[in-house]
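Please read the structure below before turning to the comments.
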Amino acid sequence: MSNTPAPKRAPRPPAELVLANGMRFSGESFGAPASRAGEIVFNTGMVGYPEALTDPSYRGQILALTYPLQGNYGMQGGSEGALRSVGMESDRIQASGLVVADYAEDFSHWSAGRSLGEWLASEGVPAITGVDTRALTRVIRQHGTMLGKIIVAGADVPYYDPDADNLVAQVSAGAPEEFGSGTWRIVVVDCGCKENIVRNLAERGLRVKRVPWDYDFTQEKPDGFVMSNGPGDPTMARPTIERLREVLRGDTPVMGICLGHQLMALALGAKTYKLKFGHRGQNQPVRRTTDGRCFITSQNHSFAVDEKTLPQDWEPLFTNLNDGTNEGMRHASGTKFSVQFHPEAAPGPVDTATLFDEFLAKVQA
């Protein structure tokens, strides 16, 4: 046994998580030495912080991870071809801040090149450790999602409500991009598209054109459309909704995911509303209405579709078993459907990945 003492860790600056209801949680900073504000939300996943932090759906939000230990496998880097490396859902960290109970500075993983804290610091994102995330989660579950801020070294900042901004415009691609090859051509309308949506389509032999949220995709003549996930209030994406309304009148197959599900509903004349708690994590149970089969899904959204306002030729497809909210819909023709959860979920679960196969079958038909 070595008698060499362990190296001393540099002291971390004090940090504080402050909620809009006045509650304060003290801890230490391990990310960027900056204070940031946003909407405080929690995620119940045991793993997957690279995917969560780079998910555009977390834009403007301070993410609290309920699983205690975080950072133990560090952060991989680099890219793989045209798409980011596995573990990255966009080209940067999208969350405004990170809250954990126990940060593991000494990471260990064959693909890791730096620590979670170093990655956060390099992108200017603050993080706080030492917070009782169980108590924080109970507060959010009782009060509902609320505004908050991470204050580092006493440098206070005002609260910020991300729902007041068009977050889709902040995270969408700046110009059209193409991926994959094959006979069948798919247009993905990027409202904050996760990279794994494009991966799933390309891996199935589809040629994918990803276009910005305000691109006139009605001029495209693909074999299918995919409306991507994204952050914030879906009613902010008015140009997308207007063009989508025209597409839904046609015969081309359409698949909607998360925000894309909400945009499709709005284009049909249905309504959306903000959830009190939101759904976030890798263990959300849903039931398919057609056969009663249950699935475990990954979810990340603050808004939901009011299924009572759906037109007559559309029917609910999935239901959330925790609160009974709508989780999907489909058209009577069978060529168009959407889901509120993430069939492309990484690191999982992958129970509903077969929805991409169902979409491919509709395209080929």
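Note that the coordinates shown come from a computational prediction; the quantities given were computed from them, not determined experimentally. For this chain, numbers begin at 1 and follow the sequence in order.
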Is any side-chain N of the basic residue among [X] and [Y] closer than 4.0 Å to the acidic one's carboxylate O?
{"X": "Asp223", "Y": "Arg207", "value": "no"}
{"X": "Glu39", "Y": "Lys149", "value": "no"}
{"X": "Lys274", "Y": "Asp163", "value": "yes"}
{"X": "Glu246", "Y": "Arg249", "value": "no"}
{"X": "Glu220", "Y": "Lys209", "value": "yes"}
{"X": "Glu195", "Y": "Arg210", "value": "yes"}

Will you find, in the side chains of [X] and [Y], an N or O donor that is under 3.5 Å from an N or O acceptor?
{"X": "Asn229", "Y": "His261", "value": "no"}
{"X": "Gln340", "Y": "Gln262", "value": "yes"}
{"X": "Tyr58", "Y": "Asn43", "value": "yes"}
{"X": "Asn300", "Y": "Arg280", "value": "yes"}
{"X": "Asp313", "Y": "His331", "value": "yes"}
{"X": "Gln94", "Y": "Ser90", "value": "yes"}

Decide yes or no for [X] and [Y]: does some side-chain heavy atom of the first lie under 4.5 Å from some side-chain heavy atom of the second?
{"X": "His279", "Y": "Asn320", "answer": "yes"}
{"X": "Val189", "Y": "Val226", "answer": "no"}
{"X": "Phe42", "Y": "Leu136", "answer": "no"}
{"X": "Glu123", "Y": "Arg92", "answer": "yes"}
{"X": "Leu120", "Y": "Leu53", "answer": "yes"}
{"X": "Val187", "Y": "Val211", "answer": "yes"}

| Going through the distances and angles, do Tyr73 and Phe107 end up as a ring pair (Phe, Tyr, Trp, His ring centres under 6.0 Å)? | CA-CA 5 Å; Tyr73 53 90; Phe107 59 91; 9.8 Å; no

| Mutual orientation of the aromatic rings belonging to Phe341 and Phe318 [parallel < 30°, tilted 30-60°, perpendicular > 60°] | perpendicular

| said: Is there a continuous path of hydrophobic side-chain contacts, each under 4.5 Å between heavy atoms, that joins Ile150 to Leu98? | reply: no

| query | Does the cation-pi check pass for Arg141 over Phe277, that is, NZ or CZ under 6.0 Å from the six-membered ring centre and within 45° of its axis? | reply | yes

| Applying salt bridge (Lys or Arg N to Asp or Glu O under 4.0 Å), which residue pairs with at least one partner in residues 335-348 are found, sequence neighbours left out? | Lys194-Glu344

